[in-house]
Amino acid sequence: MTDFGGYEGKLVTIERFILDQQMAFPEAKGALTNILYDMALAAKIIASKTTRAGLAEILGSAGEENVQGEEVQKLDVFAQRTIYRLNDHTGRLAAMASEEEEEIIPIPERFELGNYVLLFDPLDGSSNIEMNVSVGTIFAIHRRVTAHGPGTLADCLQPGRSLVAAGYILYGSSTMMVYSTGNGVHGFTLDPAIGEFLLSHPNLKYPSKPKYYSVNQGYQPYWTPGVQAYTEWLQRDTPEKKGLSLRYIGSLVADFHRNLLSGGVFYYPADTKDPKKPGGKLRLNYEAAPLAFLAEQAGGYASDGAQAILDIQPTALHQRVPLFVGNRMLVERAEELIHVHDRGAA
Ligand code: P6P
């Protein structure tokens, strides 16, 4: 575990911190380090656009030409292309996969292949942008499992337990990058004056006294009895905790981040509202699994209501999964109540 005493009160850039952490991965020969650098650069580039999103009528909106005569891209398309272009030629990846692309994204033949695959949701919650609500990028990095040649679906469909790194970028009142390489969770805040991410939240851990629960209560009529009972339990003072307040932004990264700092639980359960989404709305490979990796690194836990998210063997690139993530005690209680009320009823 990195000694955080050495960083107290110092100006530590993300580059310096990642390099220090690389010592834990001598065999990575810097490839993983450089992928994290590239994600930090992508964050700066995307942030430069999200902070001006509200100026579409002046700068032009997606699909039109702006005052500079450039084609204005939808921000999620811009985010997708930024992450792709920063990673397609580096020789560090065997393939990529994105929420925006149906199939895995091959590395162009003219470039070297690497030993990692990068899965990402380039701009989650982008529908919130025009209301100036925080949005985020989520990324997951696996070591490839195939021996050589272009990366395959098998390289991307690995359980979260195998992740070598994961993180998110939060484009909010400030831009933050939070990541883990399995050696704790660390948060960096972008100082726009110098264009650097500076270590602001070393070794993040869920506070022992949780404050919030985060769920779209508008779907309550469509929940199972177990989820209904769980929500009622969260609201009450119990021997384990005080009754929690409801905070729900409707932007996954923002809700996850607030609960990581304040203590709490986010859940998007399966519901009967949309027959096309029987397994909930959120995606396993590039939303639930990376956040579950971070949650466990921060002393928390993530479940689909029955098992650890990190233990789920993916079967499809864009498969959806119910997600409960936050303080371990809160998430395990969800599993207990769902087991009693729902499986007992099956
Ligand atoms: P609902 C945003 O569209 C998103 O994918 C996540 O960021 C967020 O947690 C969820 O959907 C919100 O969904 O159904 O509550 O609007």
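Read the numbers this way: they start at 1 and go in the same order the structure lists the ligands and their atoms. What you see below is based on every heavy atom in this structure, not just the backbone, and it leaves out hydrogens, waters and symmetry mates. One is the number of the first residue; the rest follow in order along the sequence.
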*Distance-only polar pair, side chains of Ser98 and Tyr84, donor-acceptor under 3.5 Å*: no

_Against the six-membered ring of Phe78, is Lys49 placed for a cation-pi contact (under 6.0 Å from the centre, within 45° of the normal)?_
yes

*asked:* Taking salt bridge (Lys or Arg N to Asp or Glu O under 4.0 Å) as the definition, give me every residue that meets it alongside Asp124, ordered by chain and number, with sequence neighbours left out.
replied: none

*Applying the side-chain hydrogen bond (donor to acceptor under 3.5 Å, both in side chains) test to Tyr301, which of Glu332, Arg328, Glu335, Glu296 qualifies?*
Glu335

_Pocket residues of ligand 1, ordered first by chain and then by residue number (heavy-atom cut-off under 4.0 Å)_ = Asp124, Gly125, Asn216, Tyr219, Tyr248, Gly250, Ser251, Leu252, Phe266, Tyr268, Lys281

*asked:* When you measure from the side chain of Gln313 to the backbone of Leu157, do you find a donor-acceptor pair of N or O atoms at a distance under 3.5 Å?
replied: yes

_Just verifying a value: how many Å separate Tyr179 OH and Ile141 CD1, rounded to the nearest 0.5 Å?_
10.0 Å

